[in-house]
**Q** 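Dropping a structure here in structure tokens format, bear with me for questions.
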2 protein chains.
Amino acid sequence: MARRVTIQDVADRAGVGKVTVSYVLNGKDEEARISPATAERIRAAAIELNYRPSAVGRMLARSQADAVAMVFQYGDYFGAQTAFISEVMRCVCKACVENQVDVVLHTKLASDPLTEANNFTDGRVDGVLMIRDAEDATYLELVARDFPTVLFFCRSDQPNAHYIACDNQRGGRMATEHLIHLGHTRIGMIRGGMGSVDSNDRLVGYQAALNTSGINFDPELVVEYHGADGHSEDFLALMQRPDRPTGLVVWSDDAAFECIRLCNGIGLNVPGDVSLIGFDSTHACERSNPPLTSIRQPIELICAEAVRLLLALRKSPVDATLCRQIFPPILDVRQSTGHPPKNSSTMRSSTK
Amino acid sequence: MARRVTIQDVADRAGVGKVTVSYVLNGKDEEARISPATAERIRAAAIELNYRPSAVGRMLARSQADAVAMVFQYGDYFGAQTAFISEVMRCVCKACVENQVDVVLHTKLASDPLTEANNFTDGRVDGVLMIRDAEDATYLELVARDFPTVLFFCRSDQPNAHYIACDNQRGGRMATEHLIHLGHTRIGMIRGGMGSVDSNDRLVGYQAALNTSGINFDPELVVEYHGADGHSEDFLALMQRPDRPTGLVVWSDDAAFECIRLCNGIGLNVPGDVSLIGFDSTHACERSNPPLTSIRQPIELICAEAVRLLLALRKSPVDATLCRQIFPPILDVRQSTGHPPKNSSTMRSSTK
DNA sequence: TGGATTTGCTGAAACGGTTCAGTATAATGT
DNA sequence: ACATTATACTGAACCGTTTCAGCAAATCCA
């Protein structure tokens, strides 16, 4: 097994010190005033010897990795990787390509937040991009260690938090207003998990929209989505009420697809009988039957800003206005939303 | 800015040499015969000082990274990340979690294969998992350097290639046989790119199945899929022929969805007028209208084996039978395939 | 009681770079 | 001819760990 060719080998071959090689191979021959002739000799030697620099040696010397970690909620690692996460990964990679840093997916999960944080602060990455709740213990630990960390698709009230998020309250409001503008007055919400900040935000927006339009908020029209299983009972109960909603703001696209399926199962047509609007506006929205109206987060923009912020953090303190950015969502109207049925005001009669 | 706590600091605090600390903190105190009392003292010191080992120092010393690179075809980095790639990423991560190695997504793409290969052999990863054509220059360079590299979802004839693939010939055959068993005799193929080994393999399987059943192979029934754009002309021409096929074996699920859309556009019902079978059996198959019959690759199995093989390669030469494995695909029957229309033998009459 | 073995620990080298603070030589200015 | 400055390069320290070989003291065996 041949020994690895080191920078010293190149130096010997070119008849210079290894320092000089380092400067030349890093393109710093100008500022270090290496003569063109020497530089050329060094480059030739490197090629002859098939020299491949060791990134690890470089990382150690520079105390910088030129890489960032990308981490998601616990479940998303193993379980169903949603189209949303998939798109986020794509956009983060794209931003990292532009900034010439690599992406590391850490797999050494630990139950203990201290240990988990160690995985990130061990020098292999310069910072962490996280989709986690703002109260996540690992996140808090990283912040406490002053390690460059950016939360994205999530906001935080931590004093020195950095995050790039989407305005979920506004998203909830936009979705609800869309239904209201179409004439709906009885609007339900299929919400996400109770612990989810995103879901709570959207609920706030939903209530705000109702309020502005003078529609009473009815807590009975809000049902939690528990994933494709266990979801049906509550939902069916809601939709079989005599005064069932004619419009639904649904937690995610996937949840909305499930709702459509369940509605069809009990003879309700979308959007004829009930209008549905989802969140995320994934590609599947275009292919579903009917194509799903959905609220889209500007994923590419958010990822690009998050990466930019993270990389800025490694150097100096960052201008406060860049540390916390919230972008508005976008409404993609498709065919799952329409006017409420004509007899919707006399809906009660359908029970007989 | 406080200096990083090093292993030497811990050693000083505990009153031992740093070597001893290394042994204890790596759980090798037994074999290095460190007394329990000393071990305990060291562990306490590490906690007191808040010692976080540097992975980079460790990587340098051990010449091992405990990480693998995962790389895809060029386009998949930026462009549409398909549901297939997304599932592959999930499964690779899962396998890596089980094996306790991290995953690195390299972003420093280079046009020059030599340079690109350097990205992988620079010590940050122990090996590379690739979805690339067997003739890919970067792949060949890695193999030439004897760097642990495993091709997956792709086979190669290189003498010392390592790969874990799915039997695409068999997949093409299974898909075609499924249609034949349903009674189809006029079966077309919407194939992938001409350069794609996968697509060629499936075509071979398709022809083999026709041949076995005594159906003549008609090259006019094979049309290349060019992505959602530019695809329609050739396809529509095929489907508007008087002797159009009643069954289609389609390159991918996404392509099949597009075909369904185009068929519907010219008044053809799926599966009433034409049966369609896709490849990949992604989640979207269940939600499409009609749900798409599809050939599934055992992604999780292939990813798990690929990771296993790659990690085995870092140590010693690997048993030849494990170096090249080909797994059979699976047929998922849904509702986009059915019997051919009754009048299919008199199809020509539909032109009048 | 003396030699062999075990126990408990460590010194030094290795891993492969980068960067600071020079130094020796050559060129320039007066 | 001498002081000054620019040019071209380098020595040594540093980054933080692991591992090999070996050493001193304690224990064992006959």
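Computation of the quantities below employed the complete heavy-atom set of this structure, encompassing side-chain atoms and omitting hydrogens, waters and symmetry-equivalent molecules.
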**Q** At under 4.0 Å, does any side-chain N or O of A:Ser22 touch on OP1 or OP2 of C:dT18?
**A**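 Result: yes.
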
**Q** Should A:Arg58 be listed as having a side-chain N or O under 4.0 Å from OP1 or OP2 of C:dG16?
**A**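 No, because none of the side-chain N or O atoms of A:Arg58 sits under 4.0 Å from OP1 or OP2 of C:dG16.
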
**Q** Quick one: do the A:Gln158 and A:Asn160 side chains pair a donor with an acceptor below 3.5 Å?
**A**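 Judged by distance alone, the side chains do not pair up.
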
**Q** I need the CG-P distance between A:Asn118 and D:dT17, as an integer number of Å.
**A**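 Between P of D:dT17 and CG of A:Asn118: 12 Å.
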
**Q** Quickly work out the B:Met59 CE to C:dC15 C1' distance and round it to whole Å.
**A**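 Taking atom C1' of C:dC15 as the reference, CE of B:Met59 is at 12 Å.
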
**Q** Any side-chain N or O of B:Lys28 less than 4.0 Å from the OP1 or OP2 oxygen of D:dT18?
**A**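 Looking at the OP1 and OP2 atoms of D:dT18, neither is under 4.0 Å from any side-chain N or O of B:Lys28.
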
**Q** Nearest of C:dG17, D:dT19, D:dT17 to any side-chain atom of B:Tyr23?
**A**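 Nearest to the side chain of B:Tyr23 among the choices is D:dT19.
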
**Q** Counting distance alone, no hydrogens or angles: does the base of C:dG16 have a donor or acceptor under 3.5 Å from a partner atom on the side chain of A:Lys18?
**A**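 No, the side chain and the base share no sub-3.5 Å donor-acceptor pair.
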
**Q** Between the side chains of A:Arg4 and A:Ser54, does any donor sit under 3.5 Å from an acceptor?
**A**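 Looking only at side-chain atoms, A:Ser54 and A:Arg4 do not form any donor-acceptor pair under 3.5 Å.
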
**Q** Give one of base, sugar-phosphate or nothing for A:Ala55, where a contact means two heavy atoms less than 4.0 Å apart.
**A**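 The answer is nothing, as A:Ala55 stays clear of every strand by at least 4.0 Å.
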
**Q** So what does A:Val19 hit on the nucleic acid, given a heavy-atom distance under 4.0 Å: a base, only sugar-phosphate, or nothing?
**A**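 If one applies the 4.0 Å heavy-atom cut-off, A:Val19 turns out to touch a base.
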
**Q** How far apart are the closest heavy atoms of B:Gly123 and A:Val56, and which atoms are they?
**A**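 Reported closest heavy-atom pair: O-CG2, 3.4 Å.
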
**Q** When the distance from CD1 of A:Ile42 to P of C:dG17 is rounded to whole Å, what number comes out?
**A**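 That distance rounds to 14 Å.
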
**Q** I'd like to know if B:Arg43 and B:Asp29 make a salt bridge, using a cut-off of under 4.0 Å between side-chain N and carboxylate O.
**A**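 B:Asp29 and B:Arg43: salt-bridged.
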
**Q** Using a heavy-atom cut-off of under 4.0 Å over every strand shown, decide if A:Thr20 touches base, sugar-phosphate, or nothing.
**A**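 Base: the residue A:Thr20, judged by heavy atoms under 4.0 Å, touches a nucleobase.
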
**Q** Got a salt bridge between B:Asp66 and B:Arg314, using NZ or NE/NH1/NH2 to carboxylate O under 4.0 Å?
**A**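 Result for this pair is yes, salt bridge flagged.
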
**Q** What's the closest nucleotide to the side chain of A:Asn26 if the choices are D:dG16, C:dT18, D:dC9?
**A**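 Side chain of A:Asn26 sits closest to C:dT18.
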
**Q** Answer yes or no: does a side-chain N or O of B:Ser35 lie under 4.0 Å from OP1 or OP2 of C:dC9?
**A**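 B:Ser35 to C:dC9 OP1/OP2: side-chain N or O found under 4.0 Å.
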
**Q** For A:Asp29 and D:dC9, give me the distance from atom CG to atom C1', rounded to whole Å.
**A**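 So the two atoms are 13 Å apart, to the nearest Å.
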
**Q** How is A:Arg33 classified with respect to the nucleic acid when contacts are heavy atoms under 4.0 Å: base, sugar-phosphate, or nothing?
**A**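 Result for A:Arg33 = base.
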
**Q** D:dC14 P sits how many Å from B:Asp9 CG, rounded?
**A**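 That distance rounds to 14 Å.
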
**Q** Between B:Ser63 and C:dC15, is there a side-chain N or O to OP1/OP2 distance below 4.0 Å?
**A**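 No, no such contact exists.
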
**Q** Between A:Val21 and B:Thr38, who's closer to the 5' end of DNA chain C by nearest nucleotide?
**A**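 Result of the comparison: B:Thr38.
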
**Q** Mind calculating the distance between CD1 (A:Ile7) and P (C:dA14) to the nearest angstrom?
**A**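 Rounding to the nearest Å, CD1 of A:Ile7 and P of C:dA14 are 18 Å apart.
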
**Q** Under 4.0 Å, heavy atoms only, any strand: does A:Gly17 hit a base, just the sugar-phosphate, or nothing?
**A**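 A:Gly17: backbone/sugar contact only, no base atoms under 4.0 Å.
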
**Q** Between atom CZ in B:Arg62 and atom P in D:dC20, what is the gap in whole Å?
**A**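 Distance, rounded to whole Å: 11 Å.
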
**Q** Counting any heavy atom closer than 4.0 Å, what does A:Val16 reach on the DNA or RNA strands: base, sugar-phosphate only, or nothing?
**A**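 Sugar-phosphate: the residue A:Val16, judged by heavy atoms under 4.0 Å, touches backbone atoms but no base.
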
**Q** Under 3.5 Å, is there a donor-acceptor pair between the A:Thr107 and B:Asp102 side chains?
**A**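 Yes.
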
**Q** Is B:Ser54 near enough to D:dC15 that one of its side-chain N or O atoms lies under 4.0 angstrom from OP1 or OP2?
**A**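 Answer no for this pair, as no side-chain N or O of B:Ser54 is under 4.0 Å from OP1 or OP2.
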
**Q** Rounding to a whole Å, what distance do you find between B:Arg41:CZ and C:dC9:C1'?
**A**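 Rounding to the nearest Å, CZ of B:Arg41 and C1' of C:dC9 are 11 Å apart.
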
